[in-house]
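The structure presented is a predicted model; accordingly, all values stated were derived computationally and were not measured. Worth knowing before you read on, the calculation uses all heavy atoms, side chains too, and leaves out hydrogens, waters and symmetry mates.
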Amino acid sequence: MALPSVVFLLALLLAGSAAGVTQLRVEEAARGGARALARGAGAGEVGDIVRRLAGDTAAAEVTLDGEWHRVTVSGRVPGAVGSLIPWVLSASVWARAEAPGAARQPRLDGASRSPGQGT
């Protein structure tokens, strides 16, 4: 009776730690994408940065509001519990454009999702 309880508790602890690591990766990817946008990078480059930092299954959304850019990154929790429960974590970061005219560049207009990214 005690062994199944210990196994269940261990599975919950591992799922919680996987969720914590995933949230940290998603937050770092959103920060990296927002920094790149502020420097004048395109949405495709932001998608590459997000995939490199948060993993291939992460999705990035780029929003432009005047001279402010927002990058929202979402990703699923990996592992057995993440595949059984649709557990999606996300993070959003706002950054102000540093490059002159970066907020007016047309490459972000109409491109709300990075190329190659799903939902």
Side-chain angles (χ1 to χ4, degrees):
M1 187 63 108
L3 186 59
S5 301
V6 170
V7 170
F8 180 71
L9 180 62
L10 181 61
L12 285 178
L13 289 172
L14 289 174
S17 64
V21 169
T22 301
Q23 183 64 38
L24 289 173
R25 291 179 72 187
V26 165
E27 289 173 3
E28 182 62 31
R31 282 192 297 268
R35 280 191 303 266
L37 273 178
R39 289 190 309 263
E45 186 178 343
V46 170
D48 292 340
I49 291 169
V50 166
R51 283 190 298 278
R52 187 174 39 222
L53 293 174
D56 291 332
T57 60
E61 182 178 347
V62 175
T63 307
L64 179 63
D65 185 15
E67 49 184 43
W68 289 91
H69 306 289
R70 182 178 74 177
V71 176
T72 302
V73 178
S74 60
R76 294 180 57 99
V77 176
V81 175
S83 64
L84 293 174
I85 302 170
W87 201 358
V88 178
L89 302 173
S90 66
S92 292
V93 176
W94 286 90
R96 188 171 180 197
E98 294 175 4
R104 294 183 302 257
Q105 293 177 353
R107 60 183 156 59
L108 291 176
D109 294 347
S112 63
R113 296 225 179 253
S114 298
Q117 295 295 311
T119 55

Problem - Distance, nearest 0.5 Å, that separates CD of Glu98 from CZ of Arg35 - result: 10.5 Å
Fill in the blank from the handout: In terms of heavy-atom contacts, Val26 and Gly75 come closest through CG2-N, 4.2 Å
Completion exercise
Closest non-hydrogen atoms of Ser74 and Val88, given as atom of the first, atom of the second and distance, are CB-CG1, 4.0 Å
Practice task
Provide the closest heavy-atom pair for Ala54 versus Val73 in the form atom of the first, atom of the second, distance.
Solution key: CB-CG1, 4.4 Å
Could you list the donor-acceptor pairs under 3.5 angstrom formed between side-chain atoms of residues 2-20 and any protein atom two or more places apart in sequence or on another chain?
| unit_1 | atom_1 | unit_2 | atom_2 | d |
| --- | --- | --- | --- | --- |
| Ser5 | OG | Met1 | O | 3.3 |
| Ser17 | OG | Leu13 | O | 3.3 |
| Ser17 | OG | Leu14 | O | 2.9 |

Exercise for the section: Supply the atom-to-atom distance Arg76 CZ to Leu89 CG, rounded to the nearest 0.5 angstrom. Expected result: 10.5 Å
Practice task
Go through the steps to decide whether Glu28 and Arg25 satisfy the test salt bridge (Lys or Arg N to Asp or Glu O under 4.0 Å), and finish with yes or no.
Solution key: CA-CA 5 Å; Glu28 182 62 31; Arg25 291 179 72 187; over 6 Å; no
Exercise for the section: Look at the side-chain heavy atoms of Ile, Leu, Val, Met, Phe, Trp and Tyr, link any pair under 4.5 Å apart, and say whether Val50 and Val62 land in one connected group. Expected result: yes
Practice task
Find the distance between CD (Glu27) and OG (Ser90) and round it off to the nearest 0.5 Å.
Solution key: 9.5 Å
Exercise for the section: Answer yes or no: is there a side-chain heavy-atom contact under 4.5 Å between Arg51 and Asp48? Expected result: yes
Problem - Residue pair Ala30 / Val93: nearest heavy atoms and the distance that separates them - result: CB-CG2, 3.6 Å
Handout entry: Distance-minimising heavy-atom pair for Ala36 and Val46
Key = CB-CG2, 4.4 Å
Handout entry: Which atom of Thr72 lies closest to which atom of Ser92, heavy atoms considered
Key = OG1-OG, 2.8 Å
